Amino acid sequence: MPVRLAHIIREINHLPVNLLKMPSVELVQSWYHRSFEDLIEFAKIRGKSENEMADKFDLALKKIRSRHDTVVETMAQGIIELKESHGKDALHPSIQYFLDRFYMNRIGIRTLITQHLLICGEEAGKSKTNWIGCFDEECSIASVVFDAATNARFLCEQVYLCSPDVIIEEHNAIEDNERIPIRMTYVPSHLYHMVFELLKNSMRAVVEKNGEDRLPEVKVLITKGKEDHTIKISDRGGGIPKSELEQLFLYHYTTAPQPVSTGDVPALAGYGYGLPLSRLYAKYFGGDLQLFSMEGYGTDALIYIKAVLGEATEVLPLYNKRTSQTYSEVKQSVNQMKDWSSSSYYDGHGHGYLRG
Ligand SMILES: N#Cc1c[nH]c2ncccc12
């Protein structure tokens, strides 16, 4: 915990100076400094019994977790403050690089805190069968998808007064019978977060393209192979151009109207953070989340989750000398002379072509 907090505290200092001065960013920084200080206090405590120390430590962890509850929204507010005070040009590419690492670090810290409290804290021994802390060793992917679909349909109907059906299918390529329900060891809340976000986006696209009548269903296919569990969410929502796909993963890129910063921290939904954060959850245990779209037809969203437990290790940003160099490289890349003309493209195999 102290190392993870120290790493991100050091990394925050690489942010552009004008962003660091934003009130909301300064507030987030103060939370991380305070939490680091809370933890290193334990190295100084003497004369307490082990139980007293354990109880005090659990309380400290709960306080840290709740202190950081609104970090994502508050950091997003800081970037809106930067846009409003310095204009959109102030949004530097290094901010995207930083936010991916910053939010992945936060996922790791919160998972570690929750796991410790469920296994060692007052909740110890109260886990449900097959659960170890926040991990469900027999997590039914279809059950999580069903819950996410039920809630996404409810939300869709609140906004659009209609919602598409969701068809869930499984294909188990590992068991003799391909119809055996697919289960895995995972953190169900992480899986729910990803699937709920993708289903919301699919439903929004389907309703906005097709109107309220005869909505084409959203199909979810769950597969299990030797290496991957894969969840594919397919919609006929009209898709988007390939050129716009990566923008969906940029923080603050959204087609939803941006909230005006009124000083209060508006709900997260207005920031378009759902997709980039969902991709971080997929990557956190070595998986991935990718979108494939056919403009004019629809979109497939795929979540890849490692099927071999030994390969599903925690993925965390490392803070070292290379990090500082990377930040300066990201800054330089913005001004770097391009070495391909805009009318040519590079096929990735050593051949450059000029479009006719
Ligand atoms: N995530 C996601 C999406 C799933 N379907 C979509 N259609 C248009 C734009 C984004 C999406």
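Just so you know, ligand 1 is whichever comes first in the structure, and atom 1 is the first atom listed for that ligand. Just so it is clear, the model here is predicted, and its values are computed rather than measured.
- Residue, atom and distance of the protein heavy atom nearest to atom 10 (C) of ligand 1 are L248 CD1, 3.9 Å.
- At least one heavy atom of S202 sits less than 4.0 Å from an atom of ligand 1.
- Of the charged side-chain nitrogens involved, none lies within less than 4.0 Å of a carboxylate oxygen, so that E170 and R179 do not count as a salt-bridged pair.
- Salt-bridge annotation for R183 and E137: absent, with no side-chain N of the basic residue lying under 4.0 Å from a carboxylate O of the acidic one.
- Note: F57 and H116 have perpendicular aromatic rings, judged against thresholds of 30 and 60 degrees for the angle between ring planes.
- Atom 8 (C) of ligand 1 has its closest protein heavy atom at I240 CG2, 3.6 Å.
- The single protein non-hydrogen atom nearest to atom 1 (N) of ligand 1 is N201 ND2, 3.1 Å, given as residue, atom name and distance.
- Per-residue contacts place L198 under 4.0 angstrom from the following atoms of ligand 1 (heavy atoms of the residue considered): 1 (N).
- Y103 pairs with exactly one of Y251, Y97, Y284 by the ring-ring contact (aromatic ring centres under 6.0 Å, His included) rule, that one being Y251.
- Ring-plane geometry between Y327 and F98 is classed as tilted, the angle between the planes lying from 30 to 60 degrees on a 0 to 90 degree scale.
- The protein atom (non-hydrogen) at minimum distance from atom 5 (N) of ligand 1 is D235 OD2, 2.7 Å.
- Of the protein's non-hydrogen atoms, the one nearest atom 6 (C) of ligand 1 is T299 OG1, 3.7 Å.
- In this structure, a donor-acceptor pair under 3.5 Å is absent between the side chains of Y319 and N105.
- Against a heavy-atom cut-off of under 4.0 Å, L275 is close to the following atoms of ligand 1: 1 (N).
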